[in-house]
Trainee: 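Have a look at this one.
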Amino acid sequence: MNLDYTPEQQAFRADIRAWLEANVPAAPLPSFDASRAGFEAHRAWERTLNDGRWGMVTWPTNYGGRGLDLIEWLIFEEEYYRAGAPLRVNQNGIFLLGPTLMEYGTPEQRARFLPAMANGEEIWAQAWSEPQAGSDLAAIRSKAVREGDDYVLSGHKIWSSRAAFADWGFGLFRTDPASERHKGLSLILFPLDAPGVRRQPIPQINGEIGFAELFLDEVRVPAFNRLGEEGQGWAVCMATAGFERGLMLRSPARFQVAAHMLVELYKRHQHEVDGTVRAAVVQAWMDADAYALSIYATASRLRAGGHIGAEASVNKIFWSEMDIALQRTALAILGARAELLPVAPDAGDVDGWLDSYLFSLAGPIYAGTNEIQRNIIAERMLGLPRA
Amino acid sequence: MNLDYTPEQQAFRADIRAWLEANVPAAPLPSFDASRAGFEAHRAWERTLNDGRWGMVTWPTNYGGRGLDLIEWLIFEEEYYRAGAPLRVNQNGIFLLGPTLMEYGTPEQRARFLPAMANGEEIWAQAWSEPQAGSDLAAIRSKAVREGDDYVLSGHKIWSSRAAFADWGFGLFRTDPASERHKGLSLILFPLDAPGVRRQPIPQINGEIGFAELFLDEVRVPAFNRLGEEGQGWAVCMATAGFERGLMLRSPARFQVAAHMLVELYKRHQHEVDGTVRAAVVQAWMDADAYALSIYATASRLRAGGHIGAEASVNKIFWSEMDIALQRTALAILGARAELLPVAPDAGDVDGWLDSYLFSLAGPIYAGTNEIQRNIIAERMLGLPRA
Amino acid sequence: MDFTFTQDQTMMADVARDLLDAECPVSSLRALSAAGEARDAARWRKIVDLGLLGVLVPEAAGGLGLAEIDLVLIAEHCGYFGLPEPLVDTAGIALPLLAALPDVPRAAEALERTLAGESTVAIGHPGNPFVLDADAAGAILLPVDGALHLVDRADAKLTAQPSIDPFRKLFRVEAEPSAATLIADAEAAAPLLTQVFNRGALFAAAQLLGLARRSNDLAVAYAGERTQFGKPIGAYQAIKHHLATVQVKIEFARPVVYAAAAISPASGLHEEARISHAKLAAGEAADLSARTAVQVHGAMGYSWEVDVHYFLKRTLALSGAWGTPNDHRKRAAARVFGAPVGPEHTFTRGAAHG
Amino acid sequence: MDFTFTQDQTMMADVARDLLDAECPVSSLRALSAAGEARDAARWRKIVDLGLLGVLVPEAAGGLGLAEIDLVLIAEHCGYFGLPEPLVDTAGIALPLLAALPDVPRAAEALERTLAGESTVAIGHPGNPFVLDADAAGAILLPVDGALHLVDRADAKLTAQPSIDPFRKLFRVEAEPSAATLIADAEAAAPLLTQVFNRGALFAAAQLLGLARRSNDLAVAYAGERTQFGKPIGAYQAIKHHLATVQVKIEFARPVVYAAAAISPASGLHEEARISHAKLAAGEAADLSARTAVQVHGAMGYSWEVDVHYFLKRTLALSGAWGTPNDHRKRAAARVFGAPVGPEHTFTRGAAHG
């Protein structure tokens with residue numbers, strides 16, 4: 001065990017820091033969930049990142065990456081969040097679908113989809129949930145009927161993140177009409193501008209539209225778009241969900257930067273609040289720190305050949321509950337101003353805390369509710385009997 | 001709504017305060033769960049209380065009470081705990097069985113059992129649980145076989161509080177051997193010195209023996225000892241358990257006195273601990289206060305003809321969790337001394353906090369675990385579907 | 001000692017509840033916010049006509065001459081239904097304040113016009129950074145250097161401060177105080193401003209209690225309908241226990257709120273601690289209830305389409321209004337460490353600040 | 001950057017674990033406490049023979065010349081098995097301290113005798129009110145006015161201070177310091193005492209992590225066996241979620257404890273905050289785990305007959321030893337408010353106290 005960075009890792013940090021200082025937009029980009037303009041600004045940023053070969057440093061060099069390991073990925077994320085660089089509009093692609101393509105895709109599929117994903121030409125939406133299939137994802141009803149070299153997709157997807165503006169979607173479809181539950185599903189990629197796709201944005205609690213419903217009415221896509229074997233979609237999807245809940249999607253750096261901002265907020269207002277708030281600030285910092293240490297430990301283990309198991313569920317619970325506690329502490333410091341929108345003339349330093357708080361409430365819900373995660377921990381990690 | 005005491009209530013408070021000042025033993029009695037001597041000292045105290053007609057002020061005058069209402073009962077308890085008077089060794093009798101006898105007992109049964117209960121001649125143990133019937137009380141296997149005018153009791157009871165030293169026990173027995181679950185049970189009273197009764201004390205976490213196992217081997221008691229109709233024991237027992245979880249057993253005054261002691265402890269050590277501890281002290285006081293207000297509201301409602309429903313479960317959860325939080329706060333103030341037994345020469349003001357903490361851990365368990373209570377609230381109060 | 005509401009109290013509250021039930025469905029909130037409006041004039045008229053505004057106003061001044069305990073259940077219902085119009089602040093805070101100044105003609109006139117439904121009075125207080133509903137009010141109560149002024153809305157400069165709650169119109173209010181606007185000098189205003197704060201906190205607590213109940217009702221209803229893995233999610237113990245935990249919080253906030261109302265108006269150490277306790281307990285219940293409702297609704301809870309967010313946002317706003325949890329913990333601590341504690345003091349009154 | 005244990009580290013820890021598994025079953029704890037004893041001489045001999053005492057002692061002084069990270073898993077196992085004998089305090093605190101004074105003959109002698117299993121050294125420190133195991137020790141490290149003395153047990157007056165944990169023999173120690181007993185003057189002692197405290201806190205944290213795991217293992221095992229309402233209680237979601245919540249606490253205390261060990265010995269602001277964080281996180285995990293185990297065991301959990309109470313009591317004792325949560329929150333706060341924070345500082349070292 002050695003918790004010091006190597007000289008190479010330190011040099012890598014210096015490189016990305018310098019590049020970000022030179023390239024991160026001075027003013028924050030408008031939200032990619034609020035308007036087409038914001039979405040396209042983020043697409044342009046993805047292209048800039050890719051041009052600098054900073055899009056996904058863990059990807060192989062032939063797809064625009066640097067072939068680096070997970071420790072460097074964590075360093076990249078630390079610098080990325082530290083610099084306040086834009087959120088990744090293509091996270092469904094680069095963090096979820098990308099790794100799945102590398103694992104399950106044919107060489108032709110990888111060549112077709114990965115470069116366009118890397119440079120932001122194609123931004124991806126996920127399409128997991130259906131109205132009756134939320135936590136119970138296996139209850140999926142959308143179907144894909146094979147017709148010659150094509151699949152014809154029909155069904156109703158919901159909570160499809162980025163789908164309001166994205167170019168492509170991926171989701172599970174029932175390819176065997178007689179199948180039930182986890183069997184007979186396939187993972188299929190489809191263009192969101194294909195004939196038969198209708199998108200219905202879902203306004204969120206904060207008024208933005210990070211999600212859409214997708215109504216698919218006989219949408220024809222080539223069988224080439226199926227990722228993995230027909231009927232094996234569940235296994236492929238679980239691998240992807242493992243990544244989602246696990247390492248990539250919730251960088252420790254994100255919470256460490258939030259904790260840093262919280263510390264600064266507290267310092268400005270420490271004489272207005274009592275010792276419970278002070279303790280909550282310190283706890284937020286410790287929790288973000290513990291999360292970072294845990295992810296470094298996992299990354300070290302994976303690099304040494306280990307696999308991610310139920311700790312994806314453990315991580316999910318920890319970061320989602322930590323995030324809510326952190327945001328609530330910020331609102332406690334803001335006091336009576338906490339209800340203000342940042343546009344209020346007297347908003348002072350309310351910044352984006354309120355919005356972050358509302359967003360944090362989605363943490364224990366998406367990518368498998370925390371209730372489901374606790375079931376997984378109890379049954380798979382602790383070996384308790386199924387109900 | 002009027003939250004001022006009447007002149008009569010104030011006079012009553014003055015009376016009991018004066019009597020307690022004159023009669024409460026100067027030195028605390030030895031624990032009734034630790035030795036026969038402590039048990040008998042508490043029995044003598046019960047007699048003293050009864051001699052002053054302070055045993056159960058809500059009981060009718062012909063059983064040694066004063067026929068007062070629940071508000072006066074609360075005032076009595078406030079003064080009783082305030083004075084640091086001894087714990088009630090006969091609480092299973094006077095708080096649980098006594099009210100049940102008044103509700104379900106025949107005049108002959110009331111005459112036989114209540115006076116001896118009131119004056120401490122007969123101290124009662126409860127015998128609800130069995131090894132396989134804890135939370136699942138309906139899984140009871142102990143049986144009572146009718147033979148002429150007698151029942152012959154056999155079985156194995158556990159977690160029988162006070163049974164190490166008490167005179168009598170009461171519990172559920174299966175009178176219909178073909179019955180299952182809640183049906184075919186009867187509530188039967190039995191002397192603990194009867195032939196065939198063997199008591200096995202259960203040492204607790206703190207080394208005391210508040211509980212015993214009871215092994216009953218063909219214990220013969222007259223059918224007179226059955227309380228309520230044969231086979232109706234479950235309904236009778238539920239009424240009793242309602243009382244147990246509800247109003248009588250956990251006086252608000254007990255927690256208010258504990259909160260008061262906590263405030264004093266904090267004041268002595270406030271410069272050694274931080275703002276989180278201060279806030280926890282204030283919270284403990286608020287919670288004890290809220291509990292008192294809630295019980296006053298329930299008492300007022302009952303006096304006006306209302307009934308206790310699922311709020312017994314609500315109360316159980318609240319006081320048991322409040323108690324643990326309160327005791328934990330005391331240990332936080334004691335810091336490194338918290339582990340000391342009160343006999344330690346340098347124990348200082350550790351007093352009984354450690355023991356109270358350990359005892360508080362039993363709160364969410366006995367008289368129906370808090371998990372069971374939450375099920376009850378969800379299903380009976382909120383109307384959620386049964387699993 | 002009788003900790004139950006009188007028949008009159010529950011009857012009046014039931015009338016208010018029935019009105020709100022009929023006139024303030026969530027669909028009406030949805031329509032208002034879609035239109036960018038914060039008030040429904042027709043609904044306000046019906047509330048005025050019911051005579052609820054004058055509950056705390058002496059009969060001599062045209063009111064019902066009742067006390068806070070008579071209004072607390074109505075305020076709770078206003079929270080439950082998420083009423084946008086200012087019934088609670090008007091009846092619970094503004095009018096009793098104006099009624100306390102019977103010899104000040106401008107105050108009496110504003111009282112009369114408000115009771116008649118012709119105008120409203122917005123309330124500035126040092127404990128709140130902004131003034132609610134100042135734009136819709138005819139006049140604004142404005143403390144300046146400890147003295148209390150009543151300024152015409154037309155004479156005040158308003159700067160809108162948008163809130164996450166679409167029905168809370170907040171403003172920074174600037175106005176030129178003068179002898180003409182003065183209604184109470186600093187000495188006379190001090191106890192009035194204390195009462196304003198205590199009433200504000202009390203009735204915010206009552207609304208938070210209603211909000212807590214509403215969020216849990218929404219969650220319970222959804223948990224009974226939504227099916228996953230072949231059964232209603234409300235049949236799962238995890239969901240049951242979440243909702244039961246909220247219910248426990250509600251049940252132990254309730255008597256504190258009612259007890260605080262029963263001893264109002266008052267300003268002693270004990271009474272203020274009880275009001276603060278009510279605000280804290282109801283605020284925590286409402287907060288946990290709203291967050292639990294979001295969680296139980298799953299992704300739906302995070303959408304604009306589902307009703308939960310209206311009550312979540314009001315909860316958030318009222319938790320910080322009329323004293324933050326931090327402020328109220330301080331007042332509770334002042335009583336705990338500044339006056340005798342113990343079971344015999346549950347209903348003790350008075351005691352000056354230490 | 002490699003946050004994994006080496007093969008040597010895990011192998012050595014496995015050897016220790018296997019020994020404890022064989023030699024320290026709960027039945028042995030039960031037998032010891034029934035006999036009123038706190039130590040098993042035969043078990044201690046086996047531990048000594050394994051050579052574990054010298055992990056932190058330089059090879060020149062007869063030890064293994066390793067660091068805290070090499071002992072942390074062993075300390076965790078000692079917590080897991082509730083080991084009564086002083087392996088952790090001896091190997092983790094007393095001997096590295098003595099080894100830091102190679103030029104002090106009495107210190108070197110005590111080191112040698114302890115390594116050989118002929119004696120032990122008890123540790124007094126201003127951060128703890130009492131001295132553990134002073135009665136069984138041959139000598140006692142005793143800070144007096146900032147200087148460090150090593151006094152023979154025979155020359156000290158011991159006053160027993162009974163703990164709830166039957167295996168923690170605590171004493172007030174009084175002794176006459178003299179030039180003969182002095183092993184480090186105040187200047188030399190100051191950094192040593194700081195290291196003693198940091199090692200004490202670090203290894204208490206490691207034991208608490210082991211205790212947390214043990215209590216949850218006991219609870220999980222019982223939940224799989226105990227049947228109520230026709231199925232194992234571990235099949236109920238409420239029980240599952242209790243145990244899963246504990247597991248989450250354990251999983252996020254673990255890397256903090258290991259990271260704290262990896263940067264020891266050290267005394268900068270960052271390092272001390274990490275050690276304090278480890279103590280806090282492991283203490284909270286152990287506390288929640290023990291209480292949850294009591295709850296899952298139901299009434300059994302409250303009985304002497306079931307094993308849970310041994311680990312509950314050790315948890316309680318170690319939570320307050322080597323700094324209370326209050327003390328450690330203060331050290332974490334000193335780092336948060338006194339040095340830069342942010343993702344690039346996760347592994348930053350050093351920084352003087354502000």
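Keep in mind it's a predicted model, so treat the numbers as computed, not measured. Here is how names work: the chains are called A, B, and so on, in the same order as the sequence lines, proteins then strands, and each is numbered from 1.
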Trainee: Please find the pair of heavy atoms, one from B:Ser135 and one from D:Phe229, that lie closest to each other, and give the distance.
Mentor: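 Looking at all heavy atoms of both residues, the shortest contact is O-CZ, 3.4 Å.
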
Trainee: What parts of residues 159-169 of chain D touch chain B if we use heavy atoms and a cut-off under 4.5 Å?
Mentor: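 The list, in residue order, reads D:Thr159, D:Ala160, D:Gln161, D:Pro162, D:Ser163, D:Ile164, D:Arg168.
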
Trainee: Quick one: which of B:Ile209, B:Val273, B:Ile202, B:Thr369 has the most heavy-atom pairs under 4.5 Å with chain D, could you say?
Mentor: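 Of the candidates given, the most pairs with chain D belong to B:Val273.
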
Trainee: Compare every heavy atom of B:Glu371 with every heavy atom of D:Ala238, then report the nearest pair and how far apart it is.
Mentor: CB-CG, 3.9 Å

Trainee: What pair of heavy atoms forms the shortest contact from B:Asn370 to D:Gln295, and how long is it?
Mentor: N-NE2, 4.1 Å

Trainee: Please list, chain by chain and in numerical order, all residues satisfying side-chain hydrogen bond (donor to acceptor under 3.5 Å, both in side chains) with D:Ser33, sequence neighbours excluded.
Mentor: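 Residues passing side-chain hydrogen bond (donor to acceptor under 3.5 Å, both in side chains) with D:Ser33: D:Tyr310.
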
Trainee: Looking at B:Arg386, I'd like to know if its CZ atom is crowded, meaning that more than 12 non-hydrogen atoms belonging to other residues, nucleotides or ligands lie closer than 6.0 Å.
Mentor: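 No.
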
Trainee: Taking every non-hydrogen pair under 4.5 Å, which of B:Gly335, B:Ala362, B:Pro345, B:Ala347 racks up the most with chain D?
Mentor: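 It is B:Pro345.
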
Trainee: Are there residues of residues 276-294 of chain D that reach to under 4.5 Å of chain B by heavy atoms, and which ones?
Mentor: D:Asp287, D:Arg291, D:Val294

Trainee: With rounding to the nearest 0.5 angstrom, report the CD1 to CG distance, D:Ile233 to B:Asp136.
Mentor: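 D:Ile233 atom CD1 to B:Asp136 atom CG measures 11.5 Å (nearest 0.5 Å).
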
Trainee: Quick one: what part of B:Ile333 sits under 4.5 Å from any heavy atom of chain D, side chain, backbone, both or neither?
Mentor: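 No part of B:Ile333 comes within 4.5 Å of chain D.
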
Trainee: Check whether B:Arg374 gets within reach of chain D through its side chain, its backbone, both or neither, counting any heavy atom under 4.5 Å.
Mentor: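 When you check distances to chain D, no heavy atom of B:Arg374 falls under 4.5 Å.
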
Trainee: Tell me, for B:Ala138 versus chain D, whether the close heavy atoms (under 4.5 Å) come from the side chain, the backbone, both or neither.
Mentor: neither

Trainee: Determine, stepwise, if the pair B:Ile205 / D:Val308 fulfils side-chain contact (heavy atoms from CB on, under 4.5 Å).
Mentor: CA-CA 9 Å; B:Ile205 242 170; D:Val308 177; over 6 Å; no

Trainee: Using non-hydrogen atoms only, which part of D:His242 is less than 4.5 Å away from chain B: side chain, backbone, both, or neither?
Mentor: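 Contact with chain B is through the side chain of D:His242 alone.
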
Trainee: Return the option, out of B:Val343, B:Leu334, B:Asp355, B:Thr276, with the maximum number of heavy-atom pairs under 4.5 Å with chain D.
Mentor: B:Thr276

Trainee: Rounded to the nearest 0.5 Å, what's the gap from OG on D:Ser303 to CZ on B:Phe211? Could you check?
Mentor: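 The distance works out to 10.0 Å.
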
Trainee: Taking 4.5 Å as the heavy-atom cut-off, does anything in residues 314-331 of chain D contact chain B, and if so which residues?
Mentor: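 Result: D:Leu316, D:Ala317, D:Gly320, D:Thr324, D:Asn326, D:Arg329.
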
Trainee: With a sphere of 6.0 Å drawn around CZ of B:Arg141, does it hold more than 12 non-hydrogen atoms of other residues, nucleotides or ligands?
Mentor: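 Atom CZ in B:Arg141 is not crowded, with 12 or fewer foreign heavy atoms closer than 6.0 Å.
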
Trainee: Contact part of B:Leu341 toward chain D, heavy-atom cut-off under 4.5 Å: side chain, backbone, both or neither?
Mentor: both

Trainee: Name the region of B:Tyr357, side chain, backbone, both or neither, that has any atom closer than 4.5 Å to a heavy atom of chain D.
Mentor: side chain

Trainee: With respect to chain B, which residue among D:Lys313, D:Met300, D:His309, D:Glu305 yields the maximal number of heavy-atom pairs within a distance under 4.5 Å?
Mentor: D:Met300

Trainee: If I measure from the heavy atoms of chain D, does B:Gln132 come under 4.5 Å with its side chain, its backbone, both, or neither?
Mentor: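 Both parts, backbone and side chain.
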
Trainee: Does atom NZ (B:Lys183) have a neighbourhood of more than 12 heavy atoms from anything else shown, all under 6.0 Å?
Mentor: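 Atom NZ in B:Lys183 is not crowded, with 12 or fewer foreign heavy atoms closer than 6.0 Å.
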
Trainee: Heavy-atom pairs under 4.5 Å with chain D: which of B:Gly210, B:Ser129, B:Ala336 has the most?
Mentor: B:Ala336

